[in-house]
Trainee: 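Input: one structure, supplied below.
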Protein chains: 2
Amino acid sequence: MDKVNIKRLAEELKLSTSTISRALQDSYQIGAETKQRVLELAKKLNYQPNAHASSLGSRRSKTIAVVIPEVFDSYFALAINGIEAVAQARGYHVLIYLTHERLQLEQEILHAFQSGRVDGVVMSVSAETTSTAHIQALRAQGVPVVFFDRAADDIDTARVTTNDAESTYQGTCHLLERQCTTLVLLSISRHLSISRQRIEGYRRALAEHGISQRDDVIDCGQDPEANCELVKNTLEARPGIDGIISTVEMLTESAYQACAALHLRIPHDVKVVSFYNARSAAILNPSLTTISQPAFEMGKTAATLLLKALRNPKSTLVAENVVLPSVLTIRNSTTFVG
Amino acid sequence: MDKVNIKRLAEELKLSTSTISRALQDSYQIGAETKQRVLELAKKLNYQPNAHASSLGSRRSKTIAVVIPEVFDSYFALAINGIEAVAQARGYHVLIYLTHERLQLEQEILHAFQSGRVDGVVMSVSAETTSTAHIQALRAQGVPVVFFDRAADDIDTARVTTNDAESTYQGTCHLLERQCTTLVLLSISRHLSISRQRIEGYRRALAEHGISQRDDVIDCGQDPEANCELVKNTLEARPGIDGIISTVEMLTESAYQACAALHLRIPHDVKVVSFYNARSAAILNPSLTTISQPAFEMGKTAATLLLKALRNPKSTLVAENVVLPSVLTIRNSTTFVG
DNA sequence: GTGAAAGCGCTAACAT
DNA sequence: ATGTTAGCGCTTTCAC
């Protein structure tokens, strides 16, 4: 029982390996009848093409990499689903790499991609990513990169984002319309483009309502407990706060728990709106007013753009910006309580 | 500017390609000084080894596959983190495949692994997986498979599970101790080993409390709305129900919403305990009593077992069963209300 | 429409 | 400690 490879098929059918190869690729040069025979024997012998040999020979791996900070938030979990859906449909494989929000890891990962392991990359930059030379270097090697959600501003490539500024603006306006007078915004990593955009939308809403605040952006970290403390301390230090807008799903928990610890009732004392994608929003205590990003679609779109670029050899990925809007869903955490 | 490969390095240093190859692999046969020179030039020229050529030549891909049903539940998201953590630490790469709970997809995915694309597989079977020939076939080809969470009973290999029966038993006892008299258990796919185990633990608890019930297992599907309807209909049809135990994170939402729709108060009218891993458990309305699996550790352990097996060529993966206990955390959804 | 042959870039005996 | 030499299994010109 020899291993079944292209050579074996060739021998059995008294054809050359190149004919077999072409037949398996459904090449137009091969006669229908021959194709038929090849496919039949391949199936009969349970032939499985060696992916590495194929990649080596063709210089295309049919593999894309997904580089993301974490998979805790529902956002990235849902985005993976979207990416995987289109990849699977097109016969592509998906390698997952987590940067754990560290620039150095991100650099190492991308650097290694120069080996040709992957044909392209779909990524969301880490919270630490200020310098982007590693991304540029990869692109210079001809590996296309598509950003989704968290993009690097200074790189001209396709990106799929949501209307960060606008949706935060809407969320903030919503709080203000519900009679909030003093707000705080929970943020991570201010040099992240999306963070800045969200803050900008927030500020614009405040400005339009004639409100000027200072020190109203709380920079949180990765540790939920520490963040909870941070929020708690802020709420204690400035008792007037009656509205919280959280820009990350993870921070919702900290906001709720900080309020609980201080016996502040939501929405009575403090109203909360959060970027949030998990279905649990509806069954929180109280149910949460959310800004939810179309995570699945964003992943799907990013992967689609990448695969499209991969189709023509001259992988020309133009600086295209697809914006998929988030939706504000009003629930009890911002109910007006006269 | 030629492409920089091992041959190029060899020429520049006037060494053979094999010496370069060995030096790069830190072989003991190579002199320290030579190694030094090779590594320096490699770095200087930004040499990146071609992963496919390497895999082809060595017949080892340094890649493992993760095959899971979905990434919606926090469980799998957390498990991915665990798997990725150990893979990254050992220089392995992680390919993600989603079966979307479909046996056919799972079969196709595993079948394709016979090509040598991956060195091993960490998997959780789909809800439809009754036949396991595809898994056996892969193992027969010498590709080791480690199960985590959802294992196939009839396959003798390493598996990492939680104490499904025992923890469900505990959760059920907890409900009974809180004076519940009529329970239902929300399940998916009864032929899944873990489902059966959980049901068994549940039944044992009931039996020990002298309770015999019928038709108390509700078989849910993948659609949250449909599941909600199902739960609602059951609660309506049998008004005595005062305790729900949900065996899947996703079903918690359906349980909560069904209760809300019927104006049943949790925990007053109905108490709820659920397998649940998301941090949001603490801020649900009411906060949820959970049985939480050590998801990250389970992923980590499964990957560790796989990589260990991969180290010795004779990939002997014995039928070893690592059980990491879940923890019951009591919150308000099961508070006793006299 | 099919075949011959030269790689793809690296690994791994086998030599020395 | 280093070199020689075959592959690994497939793709892809270039012939016919």
Trainee: Using the side-chain heavy atoms of K3(A), tell me which of these nucleotides is nearest: dG3(C), dG9(D), dC10(D).
Mentor: dG9(D)

Trainee: Is K35(A) touching bases, backbone alone, or none of the nucleic acid, heavy atoms closer than 4.0 Å?
Mentor: nothing

Trainee: Taking only side-chain nitrogens and oxygens of S16(B), does any of them come within less than 4.0 Å of OP1 or OP2 of dG3(D)?
Mentor: yes

Trainee: Below 4.0 angstrom, N of the basic side chain to O of the carboxylate: do E101(A) and R150(A) qualify?
Mentor: yes

Trainee: Measuring to OP1 and OP2 of dT2(C), would you say a side-chain N or O of Y28(A) lies under 4.0 angstrom away?
Mentor: no

Trainee: Side-chain N or O of T34(B) versus OP1/OP2 of dT2(D): is the shortest distance under 4.0 Å?
Mentor: yes

Trainee: Kindly indicate whether the side chain of R59(B) and the base of dG7(D) share any N or O donor-acceptor pair separated by less than 3.5 Å?
Mentor: no

Trainee: Remember a base hit wins even if backbone is also touched, and classify I20(A) as base, sugar-phosphate or nothing at under 4.0 Å, heavy atoms.
Mentor: nothing

Trainee: In terms of side-chain heavy atoms, does R59(B) have a donor or acceptor partner in H52(A) at a distance below 3.5 Å?
Mentor: no

Trainee: Looking only at the side chain of S18(B) (C-beta and beyond, no hydrogens), which of the listed nucleotides dG9(C), dC10(D), dT4(D) gets closest?
Mentor: dT4(D)

Trainee: Between Q25(A) and dT11(D), is there a contact of a side-chain N or O with OP1 or OP2 at under 4.0 Å?
Mentor: yes

Trainee: Using whole Å, what does the distance between atom C1' of nucleotide dG9(D) and atom CG of N50(B) come to?
Mentor: 14 Å

Trainee: I6(A) has a side chain; which of dC10(C), dT11(D), dT2(D) sits nearest to it?
Mentor: dT11(D)

Trainee: Ignoring hydrogens and angles, does a donor from either the side chain of R22(A) or the base of dT13(D) sit under 3.5 Å from an acceptor on the other?
Mentor: yes

Trainee: Going by an N to O cut-off under 4.0 Å, is there a salt bridge joining K35(B) and D26(B)?
Mentor: yes

Trainee: Thinking salt bridges, do E40(B) and K44(B) make one under a 4.0 Å N-O criterion?
Mentor: no

Trainee: Do the rings of F148(B) and Y75(B) sit parallel, tilted or perpendicular, given the 30° and 60° boundaries?
Mentor: parallel

Trainee: Relative to the 5' end of DNA chain D, which residue comes earlier, L56(B) or L15(B), by the nucleotide with the nearest heavy atom?
Mentor: L15(B)

Trainee: From the list dG9(C), dG9(D), dT11(C), which nucleotide is the closest neighbour of the side chain of N5(A)?
Mentor: dG9(D)

Trainee: Heavy atoms under 4.0 Å, any strand shown: does S21(A) hit a base, just sugar-phosphate, or nothing?
Mentor: base

